[in-house]
Structure formats: structure tokens, C-alpha cells
K.L.:
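Okay, handing you the structure first.
Treat the numbers as computed from the prediction; the structure is a model and nothing was measured. All ligand and atom numbering here is 1-based and tracks the order in the structure.
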Amino acid sequence: MNELFDLTGKVALITGGTHGIGMAIGKVLGKAGAKVCVNDLSGDKLDACREEYKKEGIDVFALKFDVTDEADVDRGISEIEKEVGEVDILVNNAGIIKRIPILDMAIEDYKQVIDVDLVAPLIVSKRVAPKMIAKRSGKIINMCSMMSVYGRNSVSAYASAKGGLKLLTANMTCEWAKYNLQINGIGPGYIATAQTAPIREGNHPFNDLVMMRTPAGRWGEPEDVGNAALFLASKASDFVNGHVLYVDGGILANFGYVKGENDID
Ligand code: NAP
Ligand code: GCO
């Protein structure tokens, strides 16, 4: 059974993996034996992230490159190929969100979110897929969202990107599955990270909405998403393709919940 989830000898790149959900994914893939590579944009968390991974016995290869810049992606991936090896598992995790009502949002803001959350997964995948295809083996995991299927007030750019990423995942599958690449998405629900801190911390009213919409009755933890990524990165998912695995505590199954309704003491 362990062999199904054994990633020994595999090189995994998690974009944006220096903290948050990406780091949780990196840690679980590292514990499964993968050689873990992570990047971020600012580069200011690389030393701290190396220390964090080391606590789990993982010698992470951490570098800085901008996933929206084709030349910088090529430089970063070339460095990974030289220092660690060709990428076997790609997790397109890097992402941003801007919470701005449509009428107040500058087009530049919209384009920036689309660039990071939708175009960048294409850029990075185009850089690594040819070698996966040549080897007839590879795993690509695109980080989608509840907003791959729902809209929400003030997140139009993010939802446009994540909705598009769901269908980009499907199209990568149509073109690359025949070469034994498995390309899937993960759709996290509401997860406690820096990205959601503005709508979670300080007794924010958004917590009531998350509790009403999440049957599990809690915010998700980055580790909840990491565990799902292990499945999609391993042999266990070799016939799963073009699928978005929602890690959402039941949000997509639920219209809503009235506090105290049919609760069992
Ligand atoms: P986060 O804490 O904001 O981390 C995002 C990461 O992406 C950071 O490491 C950031 O690097 C990196 N990044 C952003 N732009 C980049 C660029 N141009 N080039 C390289 N790296 C870049 O986010 P998170 O909450 O962990 O979310 C991770 C992913 O899950 C995102 O795609 C997000 O949309 C998705 N997601 C999150 C939730 C949630 O509830 N948290 C739910 C569903 C989906 P810097 O730190 O250097 O900026
Ligand atoms: C928001 C949140 C969400 C989560 C996630 C939900 O403002 O609604 O940030 O977008 O990040 O994407 O799946």
C-alpha cells in the first residue's frame, strides 16, 4: 500500500511553496520521498522556508522566480533541472487575489490576477510538460478554488482566473493524457492562510458565512489540502485525469445551514 504513495526519486516543484498551502503540499510530498523544489516571488522567505522544511527532515531546494515571466520561469526551471533534476510533479500553486468590486477595479488589477492565477500555470506547464511527455510520465496539479465554480462579491478577477484554470486543466488532459501525464486540479474550500487572513481574523463577519456554507463547521488547514495533493501526485491517481478534487469540508454539497438546525447534542 505504501508503494502506491511512494514518491522516492521524483522531483516535485510547488510554485509559491515557501509558505501557506504550497508549503503544506511540499512537506507531505517530501515526507513521501520526493525531492522538493519551491519558489516564490519576493525571495524574502527562502531562508525561513528552508528552516521550516528542515524541521520535517526535508532538504528543500528554494529559489526565487516570477511565474508570470516566461524568461524567469525558464531560468528557474533550468536551475532546478541542473541542481535537482527534471520535474516529475508540478503543482501550480502560486496565486494572488484582489478583493475589489467590479466597478472599482482597474483593468490592470484584473489583468494582474489573471496573469498570476491563470496564465502562469500555462507558462510553467508549457516549460515542464515537454520533458514529461518525452518520458511518458508526469503529474500536474493546478490549484483551483471554490471560485472555479462560484462567483462571490468582489472577487471577479480571481473567479475568472480559477474558472479558467478548471478548463485549462481539462484541456491539458485532452492533449497530454495520451502520453501518460495526469493533469488534475485541487479546489480548496476556505483555508486558514495569509491569503484569507483579511476575511478571517479579528472576528470578521465572513466567518459566519464560512460556517454557514461549510458542513464540516471549520476553516480548512493547509495540511488538509496537502493530503489531497499526495493522492494526485502518486501512482494511486494514475487513472484520474482532468478532475478537480474539492477539499472543501462539504461546501459544494451544501446550500446553507441555519445555526442550531437539527443539531445532535
Ligand atoms: P498565499 O499564502 O498568499 O501564498 C501565495 C504564494 O504564491 C506565495 O508564496 C507567493 O509568493 C506566491 N506567488 C504569488 N505571486 C507569484 C509570482 N508572480 N511568482 C512566484 N510566486 C508567486 O496563498 P495560499 O492561501 O497559500 O494559496 C495558495 C494557492 O491556493 C493560491 O493559488 C490560492 O488561490 C489557492 N487557494 C487558496 C485558498 C485559501 O482559502 N487560502 C482556497 C482556495 C484556493 P510571495 O510570498 O513572494 O508573494
Ligand atoms: C475569498 C477567499 C476565497 C478563497 C478560496 C475559496 O475572498 O472568497 O479568499 O477566494 O481564497 O479561493 O476556495
K.L.:
At under 4.0 Å between heavy atoms, is it the side chain or the backbone of C144 that contacts ligand 1, or both, or neither?
P.N.:
backbone

K.L.:
Which of the numbered atoms in ligand 1 are below 4.0 angstrom from a heavy atom of G189?
P.N.:
40 (O), 42 (C), 43 (C)

K.L.:
Nearest 0.5 Å, please: how far is CE in M23 from CD1 in I14?
P.N.:
10.5 Å

K.L.:
Of all the atoms in ligand 1, which lie at a distance below 4.0 Å from a heavy atom belonging to G95?
P.N.:
5 (C), 7 (O), 14 (C), 31 (C), 32 (O)

K.L.:
Taking it one step at a time, do D263 and Y257 satisfy side chain to side chain donor-acceptor pair (under 3.5 Å)?
P.N.:
CA-CA 11 Å; D263 283 354; Y257 159 73; 2.7 Å; yes

K.L.:
My understanding is that we take every heavy atom of each candidate and find the minimum distance to atom 23 (O) of ligand 1. Doing that for R200, K45, Q195, which one comes out nearest?
P.N.:
Q195

K.L.:
We want to know whether S145 and K166 form a side-chain donor-acceptor pair, criterion being a heavy-atom distance below 3.5 angstrom.
P.N.:
no

K.L.:
For atom 11 (O) of ligand 1, what is the closest protein heavy atom, and at what distance to 0.1 Å?
P.N.:
D40 CB, 3.4 Å

K.L.:
Show the atoms of ligand 1 that are less than 4.0 angstrom away from any heavy atom in F65.
P.N.:
19 (N), 20 (C)

K.L.:
Heavy-atom contacts with Y158 under 4.0 Å: which atoms of ligand 1 show up? List them by number with element.
P.N.:
33 (C), 34 (O), 35 (C), 36 (N), 43 (C), 44 (C)

K.L.:
I'd like to check which ligand 1 atoms, numbered from 1 as shown, lie under 4.0 Å from a non-hydrogen atom of G20.
P.N.:
26 (O)

K.L.:
Can you tell me how far the CD atom of E70 sits from the CG atom of L122, to the nearest 0.5 Å?
P.N.:
8.5 Å

K.L.:
Salt bridge or not for E81 and K131, using N-O below 4.0 Å?
P.N.:
yes

K.L.:
Please determine, by modelled atom types, if T193 and R200 share a side-chain donor-acceptor pair under 3.5 angstrom.
P.N.:
no

K.L.:
Have a look at ligand 1 and work out which part of V116, if any, has a heavy atom under 4.0 Å from it: side chain, backbone, both or neither.
P.N.:
side chain

K.L.:
Side chain or backbone of M147 under 4.0 Å from ligand 1, or both, or neither, by non-hydrogen atoms?
P.N.:
neither

K.L.:
With no hydrogens and no angle check, do the side chains of N203 and E201 hold a donor and an acceptor under 3.5 Å apart?
P.N.:
no

K.L.:
Quick check for you: to the nearest 0.5 Å, what is the distance between T15 atom OG1 and N93 atom CG?
P.N.:
5.5 Å

K.L.:
Starting from atom 19 (N) of ligand 1, which protein heavy atom do you reach first, and at what distance in Å?
P.N.:
V67 N, 3.1 Å

K.L.:
Report the nearest protein non-hydrogen atom to atom 38 (C) of ligand 1: residue, atom name, distance rounded to 0.1 Å.
P.N.:
I21 CD1, 3.9 Å

K.L.:
Please confirm whether M23 approaches ligand 1 to less than 4.0 Å, judged on its heavy atoms.
P.N.:
no

K.L.:
Check each heavy atom of M146 against ligand 1 and say whether those closer than 4.0 Å belong to the side chain, the backbone, both or neither.
P.N.:
neither

K.L.:
State the atoms of ligand 1, each with its element, that fall below the 4.0 Å cut-off from a heavy-atom position in S42.
P.N.:
45 (P), 47 (O)

K.L.:
Are any of the N/O atoms on S145, whether in the backbone or the side chain, positioned under 3.5 angstrom from an N/O atom of ligand 1?
P.N.:
no

K.L.:
Only heavy atoms of T193, strictly under 4.0 Å: list the atoms of ligand 1 that pass.
P.N.:
24 (P), 25 (O), 41 (N)

K.L.:
If the threshold is 4.0 Å, N to carboxylate O, is there a salt bridge linking R213 and D208?
P.N.:
no

K.L.:
Is there a side chain to side chain donor-acceptor pair (under 3.5 Å) between R99 and S156 once you walk through the steps?
P.N.:
CA-CA 8 Å; R99 299 182 181 94; S156 60; over 6 Å; no

K.L.:
Tell me whether K27 is salt-bridged to E52, with the criterion being a basic N under 4.0 Å from an acidic carboxylate O.
P.N.:
yes

K.L.:
Ignoring hydrogens, just give me the one of P188, A194, A197 whose non-hydrogen atom is nearest atom 43 (C) of ligand 1.
P.N.:
P188

K.L.:
Using a strict cut-off of under 4.0 Å between a residue heavy atom and any atom of ligand 2, list the qualifying protein residues by chain and number.
P.N.:
I97, R99, S145, M146, M147, R152, V155, Y158, P188, G189, Y190, Q195, T196, I199

K.L.:
Ignoring hydrogens, what is the shortest heavy-atom contact between A228 and L245? Give both atom names and the distance.
P.N.:
CB-CD2, 3.8 Å

K.L.:
For ligand 1, which atoms sit closer than 4.0 Å to a heavy atom of G16?
P.N.:
6 (C), 7 (O), 9 (O), 12 (C)

K.L.:
Evaluate G17 for polar contact with ligand 1, using N/O atom pairs at a separation under 3.5 Å.
P.N.:
no

K.L.:
Could you check atom 18 (N) of ligand 1 against the protein and tell me its nearest heavy-atom contact, residue, atom and distance included?
P.N.:
D66 OD1, 2.9 Å

K.L.:
Using a distance-only test with no angle check, is there a side-chain donor-acceptor pair under 3.5 angstrom linking D115 and Y110?
P.N.:
no

K.L.:
Have a look at ligand 1 and work out which part of D117, if any, has a heavy atom under 4.0 Å from it: side chain, backbone, both or neither.
P.N.:
neither

K.L.:
Got a salt bridge between D224 and R218, using NZ or NE/NH1/NH2 to carboxylate O under 4.0 Å?
P.N.:
yes

K.L.:
Under a single-linkage rule joining Ile, Leu, Val, Met, Phe, Trp and Tyr whose side-chain heavy atoms are separated by less than 4.5 Å, which residues share a cluster with I96?
P.N.:
I97, V113, V116, M146, M147, V149, Y150, V155, Y158, Y190, I199, F206, L209, V210, M211, M212, W219, V244, Y246, I251, L252

K.L.:
How about N92 and S125: does a side-chain donor come under 3.5 Å of a side-chain acceptor?
P.N.:
yes

K.L.:
Heavy-atom distance to atom 48 (O) of ligand 1: which of L165, N142, L41 wins?
P.N.:
L41

K.L.:
For ligand 1, which part of N93 has a heavy atom less than 4.0 Å away: the side chain, the backbone, both, or neither?
P.N.:
both

K.L.:
Between ligand 1 and H19, is the shortest N or O to N or O distance under 3.5 Å?
P.N.:
yes

K.L.:
Could you check whether any side-chain N or O of S148 sits under 3.5 Å from a backbone N or O of C144, counting only pairs where one atom can act as donor and the other as acceptor?
P.N.:
no

K.L.:
Can you confirm, on distance only, whether ligand 1 has an N/O atom lying under 3.5 Å from any N/O atom belonging to M143?
P.N.:
no

K.L.:
Would R75 and E79 pass as an ion pair if we require N to O under 4.0 Å?
P.N.:
yes

K.L.:
For atom 40 (O) of ligand 1, which protein heavy atom lies nearest, and how many Å away is it?
P.N.:
I191 N, 2.9 Å

K.L.:
What is the closest protein heavy atom to atom 13 (N) of ligand 1, and at what distance does it sit?
P.N.:
A94 CB, 3.8 Å

K.L.:
Using heavy atoms and a threshold below 4.0 Å, how should the contact between T196 and ligand 1 be classified: side chain, backbone, both, or neither?
P.N.:
side chain

K.L.:
In terms of side-chain geometry, is the basic nitrogen of K139 or D88 positioned less than 4.0 Å from the acidic oxygen of its partner?
P.N.:
no

K.L.:
Quick check on K235: does its NZ atom have over 12 non-hydrogen neighbours (other residues, nucleotides or ligands) under 6.0 Å away?
P.N.:
yes

